[in-house]
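Structure, as structure tokens:
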Number of protein chains: 2
Amino acid sequence: MLSQSIEDYLKIIYKLQHGSDAPTQVTTSLLAERMGVTAASATNMIKKLAEMNLLEYAPYKGVALREAGEKIALETIRHHRLIELYLSEALGYSWDAVDAEAERLEHAISEEFEERIDKMLGYPTIGAHGEPIPNKNGQIEEQTYARLSDIERGQRAVVKRVSDRDAAMLRYMNDMGLRLGTVVKVCEKAPFKGPLTLLIEEDQPRTLGLEVAHHIFVDPIR
Amino acid sequence: MLSQSIEDYLKIIYKLQHGSDAPTQVTTSLLAERMGVTAASATNMIKKLAEMNLLEYAPYKGVALREAGEKIALETIRHHRLIELYLSEALGYSWDAVDAEAERLEHAISEEFEERIDKMLGYPTIGAHGEPIPNKNGQIEEQTYARLSDIERGQRAVVKRVSDRDAAMLRYMNDMGLRLGTVVKVCEKAPFKGPLTLLIEEDQPRTLGLEVAHHIFVDPIR
DNA sequence: ACTTTATTTTAGTCAAGACTAAATTTACCT
DNA sequence: AGGTAAATTTAGTCTTGACTAAAATAAAGT
Ligand SMILES: [Mn+2]
Ligand SMILES: [Mn+2]
Ligand SMILES: [Mn+2]
Ligand SMILES: [Mn+2]
């Protein structure tokens, strides 16, 4: 069994490699920042993971997962997303609370637990924040959505996915009526990186900061 | 937050102090055996826990929980038993599989998780193997049942609790039709610590070894 | 009471995974 | 091209919780 720490490192590297922010290189400092450790600690772990053949390491350049490492990362991500969805669907958690809980549980559940909640949820492929859930074989369908902040004025779009990094932001979105599947129309876009004015589900127009809009992924309608 | 290891030590000490096997003293070696570590390791941890005022330590004599230690032990036991019951009731786990899963999850869940499954289960007071579940305030109703191995010939009794230490034994009991609430009648008791012959729920007579009967706790009828 | 044995503690190591401070490498700017 | 700043690695520590081997203590037997 791999340690909790190793699973988290691999998971974060995977997300950095495939995420929508898509850095060219997955650097030590980026990894350290996401893990909440110092760069020196990250270097230590990187060397260890390279030694275990879980990743490719070019000193001073960055890291990239090898097949074995990616396998573990995807397995951990699968756990995380299935658990999040389960907490939300079966236990009534709000979508801003599931991430913190899943962050610990993902390392503690057995394959039996994974299978049972998978079945109970009807073998879902989309998680609580709209993320794709890797299947049992570690296959995942990476999505490419537009950011709400990039949508043209006048355009309508469906919310498909949100970033789960900031719980407070998720709570705010929820209070605004922004959920998965919500239809929004961009009424106004203030200049100089100003806020958007949105029509959420044909309701009252609401103002939304660009920072938040940047973390909402949508599918434009027609 | 206390480490997983500390929670397990405290939990085991509590169970040794209050269990039905009731040793006079909770010794280092007993604790070490239950934790699956060497006696030296147990001594180390004991000294640390004594330092933290979680237990009373008399070198060469044994340990006893102090109030703060017992609080933590009961909280951990509450987690364990709620999780076991949840796995069994909500996820369809068999009673021989719940312990291993709960052993890890008990350290990973939040108070919110605890509260949600508690509510979902209807605030239960009896766990999957018949154990009492400590309440939110750490109060527990310790039970005293007879062992099936001590029941007189001809006597009938209801199965109230089983030991969850050996998964294979639980599987065996289950296959014999022995569950919580099952009514059994002792037809025969072979001499020289021989097996019992049982009538389980008025079905065919079955033979049961004394070792297994020792781990089944019952309430005699009338 | 003395001796043997079993239990427990002490002493010294180890691995994992973090940290700080110092050294090194890379990148960038003039 | 040389100089500076930022990023990264190295070196050395620390804490946690294990381990083994050796020493100390308690218990039991004659
Ligand atoms: Mn998440
Ligand atoms: Mn995690
Ligand atoms: Mn149990
Ligand atoms: Mn445990």
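Chain letters run A, B, ... following the sequence lines, proteins first, then strands; residues in each count from 1.
Residue A/S29 places none of its side-chain N or O atoms closer than 4.0 Å to OP1 or OP2 of D/dA6. Between D/dA18 and B/S41, no contact under 4.0 Å exists linking OP1 or OP2 to a side-chain N or O.
Chain B approaches DNA chain C over the interval C/dT8 to C/dT10, counting the first and last nucleotide 5' to 3' with an atom under 4.0 Å from its heavy atoms.
Under the 4.0 Å criterion applied to side-chain N and carboxylate O atoms, B/E114 and B/R78 are assigned as salt-bridge partners. For B/E75 and B/K71, the salt-bridge test fails: no basic side-chain N is under 4.0 Å from an acidic carboxylate O. No salt bridge links B/K15 with B/E131; every basic N to acidic carboxylate O contact stays at or beyond 4.0 Å.
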Under-3.5 Å N/O pairs linking protein and nucleotides 21-27 of chain D:
residue, atom, partner, partner atom, Å
D/dT25, O4', B/Y60, OH, 3.4

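The OH atom of B/Y9 sits 6.0 Å away from the OG atom of B/S41 when rounded to the nearest 0.5 Å.
Looking at A/K11, its side chain never comes within 3.5 Å of a backbone N or O of A/I6 through a donor-acceptor pair.
Between the CG atom of A/L30 and the P atom of D/dA6 there is a distance of 18 Å, given to the nearest Å. Nucleotide D/dT9 holds its P atom 11 Å from the CG atom of A/L31, rounded to whole Å. Rounded to whole Å, the distance from CG on A/N44 to C1' on D/dC14 is 13 Å.
At least one side-chain heavy atom of A/M120 sits less than 4.5 Å from a side-chain heavy atom of B/L91. Using a 4.5 Å heavy-atom threshold, the side chains of A/E89 and A/P124 count as separate.
Nearest-nucleotide mapping onto DNA chain C: of A/Y9 and B/T27, the residue sitting toward the 5' end is B/T27.
Residue-level contact check: A/T43 touches the bases, meaning some heavy atom is under 4.0 Å from a base atom. Residue A/T38 is classed as a base contact, given a heavy-atom separation below 4.0 Å to a base.
Judged by a 6.0 Å distance limit and a 45° cone about the ring axis, A/R147 is not positioned over the six-membered ring of A/F217.
In summary, of the residues considered (A/R81, A/H79, A/E141, A/E84), a side chain to side chain contact (heavy atoms under 4.5 Å, CB included) with A/I133 occurs for A/R81 alone.
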